[in-house]
Amino acid sequence: MEKNLAKTYNPKDFEDRIYQSWEENKAFHAEVDRDKKPFTIVMPPPNITGQLHMGHALDQTLQDVLTRWKRMQGYSALWLPGTDHASIATEVKVVEKIRKEEGKSKEDLGREEFLKRAWDWKREFGGRINKQIRKLGSSCDWDRERFTMDEGCNKAVVEHFIRLYNKGLIYKGHRIINWCPVCGTSLSDAEVEHEDKNGKYWYFRYPAADGGEGIVVATSRPETMFGDVAIAVHPSDERYQDMVGKKVILPLVGREIPIIADSYPDPEKGTGAVKITPSHDPNDFEVGQRHNLEQLSCINPDATMNELAGKYQGMDRYECRKAWVNDLEAAGYLVKIEEKVIPTGECYRCHNVIEPMISDQWFVAMEELAKPAIEVAKNGTLTHVPDRFEKIYLNWLEDIRDWCISRQLWWGHRIPAYYCDDCGEMVVAAEMPKTCPKCGGTHFHQDEDVLDTWFSSALWPFSTLGWPEKTEELDYFYPTDVLVTGYDIIFFWVVRMVFSGLEEMGESPFKYVYVHGLVRDAEGRKMSKSLGNGIDPLEIIDQYGADALRFMLLSGITAGNDMRFKMDKLESARNFANKLWNASRFTIMNLQDEEGNFRPMADAADGIETLALKDEDKWILSTINSAVAEITANLDKFELSLAAQKIYELIWNEFCDWYIELVKARLYGDDEEDKKVCRCVLVKALKDMLKLLHPFMPFITEEIWSFLPKEENAAQFLMKESWPVYSEALRFPEEEAKLNTAMDAIRAVRNIRAEVDAAPSRKLHAVILATGKEAGYMADGCHFLKNIANISEITFIDSKDQVPDEVMSAVMNNVEIYVPLDDLLDYKAELERLQKEKARLEGEVKRTAGKLSNESFVSKAPEKVVNAEREKLAKYEDMLAKIIERLPIVEAKVK
RNA sequence: GGGCGAUUAGCUCAGCUGGUUAGAGCGCUUGCUCGACAAGCAAGAGGUCGUUGGUUCGAGUCCAAUACCGCCCACCA
């Protein structure tokens with residue numbers, strides 16, 4: 001067994017091994033534990049249509065960060081995984097597969113055989129998706145994995161359906177719905193995408209039945225004219241008032257239809273007269289209802305014309321349109337054509353134009369269900385992050401129409417309605433009835449249709465916890481805490497979960513909805529199969545590791561906004577992992593002797609703050625301590641990206657760049673007791689940082705953790721360790737100030753060195769003039785200058801007179817540093833530097849003094865702010881004075 | 001037609017309730033193989049925060065208008 005980390009960071013060496021070890025030890029399993037508070041996230045179940053894309057990777061990462069963090073905080077954290085049967089999407093894929101491989105249609109196979117193939121598909125792709133989720137490091141509870149069509153979910157769906165039906169909230173209706181002629185099914189309003197297309201208005205004359213001029217109407221879909229049953233005009237439209245009640249003739253068809261008055265037509269649009277086709281237009285449907293008009297369908301489900309279209313029967317709707325318009329024109333009925341942008345509805349799956357049709361479908365009555373869902377958002381029980389999505393959520397609910405839930409498909413939850421073969425009586429029940437309540441018949445057949453896939457996903461937050469049974473899990477884990485999802489499925493899913501949860505459970509299914517954006521490609525385009533610009537998360541993981549991918553996805557994002565997938569960001573995340581890896585290697589190296597055994601450390605049983613800590617020890621502990629508070633606060637507010645940013649800075653800029661460099665001299669020195677303290681601080685610091693980083697980069701942190709010395713009561717895994725908490729005992733403001741002064745001095749010397757091109761290996765002398773409390777800071781901290789700025793000798797002086805002749809200088813707050821450089825002196829460079837500094841300080845003094853001379857600033861701004869401004873002014877004035885003093889000396893040297 | 005987001009360094013983006021000199025990554029310049037790390041170290045350059053007004057002692061941050069880009073919704077005569 002290796003005792004230290006490998007020389008280079010290679011995530012492939014350990015990511016799979018670690019995940020396996022977590023899983024074997026059931027580290028993700030969450031139990032009902034009444035001593036703990038529950039934290040619950042149900043995973044948005046990926047469709048079993050294919051494989052995970054970058055959007056899933058982001059979605060997963062966000063949820064995993066939250067879950068791991070809460071678990072470390074001591075919650076019984078359940079992240080419940082699963083997949084979605086995705087009725088229509090999967091059916092399309094399976095049909096395609098069968099067609100390709102066997103040359104058969106689903107009808108050739110028959111329902112039963114087709115479903116077998118679909119289940120085979122589910123096993124193959126469901127399994128693939130689960131592997132991908134594991135690769136990402138998701139800490140979900142696999143013991144509780146669910147599928148939207150498993151037995152329990154099916155039971156929940158049937159139960160829910162029956163309950164709503166019995167309450168009158170589900171009904172079967174002969175109504176106008178969105179029909180996709182290609183998918184061969186009805187669709188809900190949410191499944192129709194709107195697109196503006198270039199089209200035309202054709203103006204046709206409908207001659208009056210009594211031989212008069214008749215009326216001209218515009219239409220963008222002339223092929224629906226065969227279904228016209230009336231012409232409507234607005235009752236106040238004076239142009240047509242005397243025509244209301246009269247009849248016109250449907251051109252070429254010869255059928256007489258009435259002119260009616262209705263509020264629907266807009267006198268400003270078209271000719272103000274509208275042809276009414278209740279079977280093929282939702283508005284016309286309603287006009288038809290109001291006026292008791294006949295419903296004449298002229299288009300078949302496959303978008304060909306039916307017998308009503310006469311000689312056009314059998315033609316495709318668009319072929320018919322062309323021929324029909326030609327014929328009307330030839331006959332002189334065409335008045336004019338107008339180019340127009342026509343808003344068109346398309347199927348969200350196949351992007352073919354939707355045809356509104358009348359048919360028998362099942363609906364959920366939305367009005368009553370929507371009310372409580374609106375209420376929970378308004379009263380704050382349900383919070384959207386960011387909150388602007390609440391408006392979108394509310395707008396949709398407030399405008400909602402009844403939800404068409406039946407689909408003419410095979411793959412899905414079959415509608416639990418049965419019809420008596422003898423009398424046709426319908427019974428809604430969990431199982432096929434034995435006898436008909438009406439005629440006593442004993443033969444039934446089940447409704448052929450299946451349910452909208454979203455009908456089952458709407459129940460996901462409670463069906464997965466055992467509903468309709470009253471399980472312990474349901475009682476404990478429901479309602480869930482946060483739902484993480486993309487903004488693209490708010491309507492499909494979030495809204496429906498809320499009203500369904502409220503209906504069945506009486507409580508909103510979650511307290512927060514965290515909405516994230518899309519992952520786009522480097523050019524900002526949506527990743528899509530047709531563009532071929534998708535990036536496979538698995539390939540990225542293979543190359544850079546899951547931790548780098550996760551960290552990259554989280555860096556620099558804000559809730560609800562899209563992000564771009566940039567390779568340089570990914571590399572940066574990987575480099576960060578490598579940095580941590582090496583810093584950890586350094587730490588472990590210094591903990592161990594040549595044999596790899598841990599050397600003795602100071603006993604920190606009474607708290608690390610009780611040890612003989614040096615200033616830099618207190619500084620790093622204090623810095624980490626503040627970061628703990630900040631990062632926790634960020635996570636509390638769902639600011640995951642800011643939290644990630646802070647832990648990055650803490651590890652790289654504070655720990656690696658400064659602390660490690662500051663303590664090297666001690667570690668390589670010979671004060672054994674001090675070394676023990678130093679090791680102790682190193683381990684403590686590293687461990688705390690690993691814990692803070694763990695939710696973001698679970699693999700590397702767990703791997704490093706396994707190499708560190710553990711306390712007796714340590715958890716088996718880092719992932720089971722407790723989240724660090726802020727401690728007042730670890731707050732060292734004095735040491736922070738001291739170290740900041742030392743660091744400024746180091747930077748100043750390095751700057752001079754760079755300015756004159758002095759090799760880093762060249763040892764320099766420094767003369768320091770320090771006053772105020774900085775005098776003490778520099779006295780205590782000057783050894784750092786020696787160690788990491790390569791200063792071999794330091795002379796403290798207490799007056800300007802003692803400044804040597806040939807020097808470069810740096811002025812800081814209460815500290816002046818002079819570096820004698822005899823052969824290398826570059827006064828010209830220093831003069832430039834001083835002049836630049838002078839200009840900067842003059843600007844600062846002017847700005848600060850200006851502020852302070854403003855009467856209303858001094859009287860109105862908080863005292864704290866004013867005092868800070870005063871201190872600033874004093875500091876800048878002092879520094880400026882010193883620069884001005886120094887300038888003529890340097891100027892003289894330049895000459 | 002309605003609504004929303006974005007506009008900050010060459011590029012991609014952070015910037016939470018208004019208060020030090022507006023930050024990061026990448027890129028760029030210069031110099032470094034000194035016992036964790038060249039996937040690195042050090043020192044730098046680079047921004048009048050889209051525009052115009054307003055509120056305020058104080059605005060990248062709040063308000064209004066405007067421009068450009070993008071997105072969502074809407075019953076398609």
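To find a chain, count down the sequence lines: A is the first, B the second, and so on, and within it residues start at 1. All heavy atoms count here, side chains included; hydrogens, waters and symmetry mates do not.
With hydrogens and angles left out, the side chain of A:E661 and the base of B:A36 share a donor-acceptor pair within 3.5 Å. A donor-acceptor contact under 3.5 Å links the side chain of A:R574 to the base of B:A39.
Note on A:R747: every side-chain N or O is 4.0 Å or more away from OP1 and OP2 of B:A42. OP1 or OP2 of B:C41 sits under 4.0 Å from a side-chain N or O of A:K579. Of the side-chain N and O atoms in A:Y668, one or more sit less than 4.0 angstrom from OP1 or OP2 of B:A36. At B:C11, none of the side-chain N or O atoms of A:K569 fall inside 4.0 Å of OP1 or OP2 (strictly under the cut-off). OP1 or OP2 of B:A74 sits under 4.0 Å from a side-chain N or O of A:H194. Look at A:T558 and you'll find a side-chain N or O under 4.0 angstrom from OP1 or OP2 of B:A14. For A:W396, no side-chain nitrogen or oxygen approaches OP1 or OP2 of B:G2 to under 4.0 Å. Residue A:K763 has no polar side-chain atom (N or O) positioned under 4.0 Å from OP1 or OP2 of B:C34. Not one side-chain nitrogen or oxygen of A:N590 sits closer than 4.0 Å to the OP1 or OP2 atom of B:A36. One finds a side-chain N or O of A:N575 lying less than 4.0 angstrom from the OP1 or OP2 phosphate oxygen of B:G40.
A:E191 and A:Y348 share a side-chain donor-acceptor pair at under 3.5 Å. Side-chain polar atoms of A:D189 and A:N178 form a donor-acceptor pair below 3.5 angstrom. A side-chain donor from one of A:D562 and A:Y487 sits under 3.5 Å from a side-chain acceptor of the other.
Of the listed nucleotides (B:A36, B:A14, B:C57), B:A14 has the atom at the smallest distance from the side chain of A:L642. Here the nucleotide nearest the side chain of A:R585, chosen from B:A36, B:A43, B:G19, is B:A36. In the set B:A36, B:C76, B:C57, the nucleotide with an atom closest to the side chain of A:K269 is B:C76. For A:K872, the listed nucleotide lying nearest its side chain is B:U20; candidates were B:U20, B:G25, B:C57. Proximity note for A:P282 (side chain, C-beta onward) versus B:U12, B:C76, B:A45: the nearest is B:C76. Candidate nucleotides B:C57, B:A74, B:G25 were compared by shortest atom distance to the side chain of A:A861, and B:C57 ranks first. When the nucleotides B:C76, B:C57, B:G5 are ranked by their closest atom to the side chain of A:R388, B:G5 comes out on top. Closest to the side chain of A:N561, out of B:A6, B:A36, B:C57, is B:A6. Distance from the side chain of A:A754 is smallest for B:A43 among the nucleotides B:G40, B:C32, B:A43. With B:A36, B:G3, B:C26 as the choices, the nucleotide that has an atom nearest any side-chain atom of A:F586 turns out to be B:A36.
Comparing the same atom, P, in B:A64 and in B:G10 gives a spacing of 30 Å after rounding to whole Å. Taking the P atoms as reference points, B:U66 lies 14 Å from B:C4, given to the whole Å. B:G18 and B:U55 have their C1' atoms separated by 12 Å, given to the nearest Å.
When both distances must be under 3.5 Å, the Watson-Crick or G-U wobble mate of B:A64 is B:U52. For B:C28, the paired nucleotide is B:G44, the pair qualifying as Watson-Crick or G-U wobble because both relevant distances are below 3.5 Å. The partner of B:C71, taking Watson-Crick or G-U wobble pairs whose two distances both stay under 3.5 Å, is B:G3. When both distances must be under 3.5 Å, the Watson-Crick or G-U wobble mate of B:G19 is B:C57.
Backbone-only contact: A:Y648 has heavy atoms under 4.0 Å from sugar-phosphate atoms and none from a base. Contacts of A:A232 with the nucleic acid, taken as non-hydrogen atoms under 4.0 Å apart, are absent. No engagement by A:S761 is indicated, since no non-hydrogen atom pair under 4.0 Å with the nucleic acid exists. Counting any heavy atom pair closer than 4.0 Å across all strands shown, A:K391 reaches sugar-phosphate atoms only and no base atom. No contact: A:K875 has no heavy atom under 4.0 Å from any strand. The residue A:Y9 sits close to a base: some heavy atom pair falls under 4.0 Å.
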**Q.** Residues A:T587, A:F655; criterion side chain to side chain contact (heavy atoms under 4.5 Å, CB included); working and verdict
**A.** CA-CA 11 Å; A:T587 303; A:F655 184 70; 4.1 Å; yes

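Of the residues near RNA chain B, A:N395 and A:F491, the one whose nearest nucleotide (by heavy atom distance) lies more toward the 5' end is A:N395. RNA chain B is contacted by both A:P267 and A:A759; A:A759 maps to the nucleotide lying nearer its 5′ end (nearest heavy atom per residue).
One N or O on the side chain of A:H280 and one on the backbone of A:C298 form a donor-acceptor pair closer than 3.5 Å.
Note on A:D878 versus A:K875: no salt bridge recorded, every NZ/NE/NH1/NH2 to OD/OE distance being 4.0 Å or above. The existence of a salt bridge linking A:R840 and A:E837 is confirmed by a sub-4.0 Å separation between a basic side-chain nitrogen and an acidic carboxylate oxygen.
Each of A:F576, A:Y544, A:F565 was evaluated against A:M552; a single residue qualifies, A:F565, per the side chain to side chain contact (heavy atoms under 4.5 Å, CB included) test.
In this structure, A:W581 forms no aromatic stack with the base of B:A36, since the conditions of centre separation below 5.5 Å and plane angle below 30° are not both met.
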